[in-house]
Structures are given as structure tokens and as C-alpha cells.
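Following: one structure in C-alpha cells, then a few remarks.
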Amino acid sequence: MTEPAAETHRADGPSEDGPTPEDGPTPEDGPTPEDDLTPRGDLTPKGDLGRRLVARRLALGLSREETADRAGMAPSYVAHLEQHADAVPGRGALLTLAAALETTVSALTGGDAQVPPGREQAGRAPEFTELSRAECAELLSSHGVGRLAVATELGPTIVPVNYSVVDDAIVFRTARGATPSLADGCPVAFEVDRIDDVFSQGWSVLARGYARTVTDLGEKRRLAERAHSKPWAGGRRDLWVRIEPYSVTGRRIAV
């Protein structure tokens, strides 16, 4: 599989300015903490590569030591990549890390940020299954980014929104007059999914229900306290919309 984004890195070998994958701890990196599953303070990842490395290993539930062990690298080298924005690993190191984190070099370096997911070929013997209501609820989880399908004067429109799940209801904030606000009083569809390009597999959950604008001040305060996600778009978005699903279905493709 071709990884176009990796062409910006040297063909092989580690950065001349940083430690090698086999190096032990260095003074500037400091000790490797046991709680690096929740980076904070000086442990906050630096640079795009560092943030993507941390996000991916956390998604897999891996500590830095576990990631290093998978990749056959020193934990201090993984720490260097995560915490130094100027780290420039070679293509060999990137390929090794991508394999250890079950992803691609393009995903780690941001080379796929401008293309839609699902560009790989179908996997061998894919297995298609319907998800139970409990599985759907678990995948919806507490918050994330979903797609709202709403009727407009120009026809059906689908827009992404940052959402939270509070008391089994899907809630999100938007601006008055914005497309998501048109859902008020209407039947809508709401979809979340996850695509794994490496293995050509993924899942999707579809909720159908009626949306309404939240007007009660007490409920607004409660949602503000309990909701996890804030709109990535920024700006003033103080209109809460609540979707009460009457149907939730899901499906999974695994290989």
C-alpha cells in the first residue's frame, strides 16, 4: 500500500537530532510515567505526529511502554516522538510504529486528513453482523462527532455535529438559524461510525427520533454540566437540541 505522506520524511533511519529507536532513557525526556495513559502537564504531546501517536495508542488502550514493546523500540524514543514537535523519524521507524499501532503511516502523519475514509480494498471474507441495542448504545458512548440528517427547504441535508449522550438522549449545541437548529420539532436521523482503513472494517449506528429545542433553563444547565463535547466550530452556540430516539440500529463489518 502506498503511503504518499511518508515521502516528506527521510527514507530510513532515525532523526539525526534525536535518539534512535533503540536508545535508552535520555535526561531531556525524563522518566517514563506509569500513568501515561492520561497525558497531562509536561506529558502533553507536541506537534501533529505526537498528538496522533498518543491519540492512536490511547484508542487501543496502550501505554507508552506497551507501544514501544510492540514496535521493538525504547520507551524513551516513543516519548521523544510524542513530546518533541521537531522530531523527524525515518520512514522505517514510521512503518514500524504504524504496524504496532494497527494503522497507516498516512494516518500517523496526517497525510489522509484531506481524503475520505474507506479508500482501501475490501478485506478477505468480511463478516457482516447486525448490532444489538446494547452494542449500539455502547458505541454511541458518551460523546463524539455524529452526522445529523435534517429536512431543509433545499432538501435533505446531512451535517456533522459534536454530540453527547445524556439520559439516553442525543444532545448537541448549535447556533440559532444554523442548519442543525432546523431539526426542532422534526423527525431526524443521526449516525455515527468508525472506519478502520487498515483492515477494511468498521461499524455504524443509526438513530431515528424526534428533535426538540431545549427551552427549560434547568435542563439547559444540567446539559451544560453533563455534556462532554463542545462544538469544534466555536463561536456562540447556545441553542441546545435534544433527540429522543425511537429506533436505534447498527451494523458491523469485520474481517
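- Leu223 contributes atom CG, which lies 8.5 Å from atom CG of Asp167 (distance to the nearest 0.5 angstrom).
- In this structure the side chain of Val205 never reaches within 4.5 angstrom of the side chain of Thr249, judged on heavy atoms.
- Between Ala207 and Val248, the closest heavy-atom pair is CB-CG2, 4.2 Å.
- Using a 4.0 Å cut-off between charged side-chain N and carboxylate O, Glu130 and Arg252 make no salt bridge.
- The backbone N or O of Ala71 sits nowhere less than 3.5 Å from a side-chain atom of Thr96 that would complete a donor-acceptor pair.
- Follow the hydrophobic side-chain contacts under 4.5 Å out from Leu108 and you reach Leu95 in the same cluster.
- Using modelled atom types, one finds a donor on one side chain and an acceptor on the other under 3.5 Å when comparing Thr157 with Thr152.
- Nearest heavy atom pair, residue Tyr163 against residue Leu140, reads OH-O, 2.8 Å.
- Distance alone, capped at 3.5 Å, is enough to place a donor-acceptor pair between the Arg56 side chain and the Glu102 backbone.
- Between Leu58 and Leu62, every side-chain heavy-atom pair lies at or beyond the 4.5 Å cut-off.
- A donor-acceptor pair under 3.5 Å is absent between the side-chain atoms of Ser141 and the main chain of His143, judged by distance alone.
- No donor-acceptor distance shorter than 3.5 angstrom exists from the side chain of Arg237 to the backbone of Thr174, with no hydrogens or angles considered.
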- Message: Working note: Leu101 + Leu53, criterion side chain to side chain contact (heavy atoms under 4.5 Å, CB included); need CA distance, chi angles, decisive distance, verdict.
- Response: CA-CA 8 Å; Leu101 294 173; Leu53 279 173; 3.8 Å; yes

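- With respect to the salt-bridge test (charged N to carboxylate O, under 4.0 angstrom), the residues Lys220 and Asp238 do not qualify.
- Within a 6.0 Å radius of CD in Glu219, more than 12 heavy atoms belonging to other residues, nucleotides or ligands are found.
- Between Pro89 and Ala93 the shortest heavy-atom distance is CB-CB, 4.1 Å.
- Taking hydrophobic clusters as Ile, Leu, Val, Met, Phe, Trp and Tyr residues chained together by side-chain heavy-atom distances below 4.5 Å, Leu148 shares a cluster with Leu139.
- Listed here is the closest heavy atom pair of Gly61 and Glu66: O-OE1, 3.8 Å.
- Atom-to-atom distance recorded for Arg208:CZ and Ile243:CD1 is 13.0 Å, nearest 0.5 angstrom.
- Between Thr129 and Glu127, the shortest heavy-atom contact is CG2-OE2, 3.7 Å.
- The distance from the OG1 atom of Thr109 to the CG atom of Leu97 is 11.5 Å, given to the nearest 0.5 Å.
- No side-chain heavy atom of Arg173 sits under 4.5 Å from any side-chain heavy atom of Leu239.
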- Apply side chain to side chain contact (heavy atoms under 4.5 Å, CB included) to Glu191 and Asp193, showing your working. CA-CA 7 Å; Glu191 191 262 2; Asp193 57 51; 2.8 Å; yes

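- In this structure, the separation between OG1 on Thr67 and CE on Met73 is 10.5 Å, given to the nearest 0.5 Å.
- The heavy-atom pair separating Ala169 from Pro245 by the smallest distance is CA-CD, 4.4 Å.
- In this structure, the side chain of Arg242 does not engage the main chain of Arg212 through any donor-acceptor pair within 3.5 Å.
- Hydrophobic clustering places Val165 together with Val192 (ILVMFWY residues linked when any side-chain heavy atoms are closer than 4.5 Å, directly or through intermediates).
- Side-chain atoms of Asn162 never come within 3.5 Å of backbone atoms of Val145 as a donor-acceptor pair (strictly under, hydrogens ignored).
- For the pair Leu206/Phe190, no side-chain contact is recorded, criterion being any heavy-atom separation below 4.5 Å from C-beta on.
- Val241 is connected to Val188 through a chain of hydrophobic side-chain contacts under 4.5 Å among Ile, Leu, Val, Met, Phe, Trp and Tyr, so both are in one cluster.
- For the pair His84 (side chain) and His80 (backbone), a donor-acceptor distance under 3.5 Å is present.
- Between Phe172 and Pro231 the shortest side-chain heavy-atom distance does not fall below 4.5 Å.
- Looking at heavy atoms from C-beta onward, Val166 lies in side-chain contact with Arg222 at the 4.5 angstrom threshold.
- In this structure, the side chains of Ser164 and Arg226 stay at 4.5 Å or more apart for every pair of heavy atoms.
- Here the straight-line distance linking atom OG of Ser63 with atom CZ of Arg57 works out to 7.0 Å at 0.5 Å rounding.
- Tracing side-chain contacts under 4.5 Å through hydrophobic residues (I, L, V, M, F, W, Y), one reaches Ile170 starting from Trp203; they form part of the same cluster.
- Heavy atoms of other residues, nucleotides or ligands lying less than 6.0 angstrom from CD1 of Ile158 number 12 at most.
- Looking only at distances, a side-chain donor or acceptor of Asp216 sits under 3.5 Å from a matching main-chain atom of Gly218.
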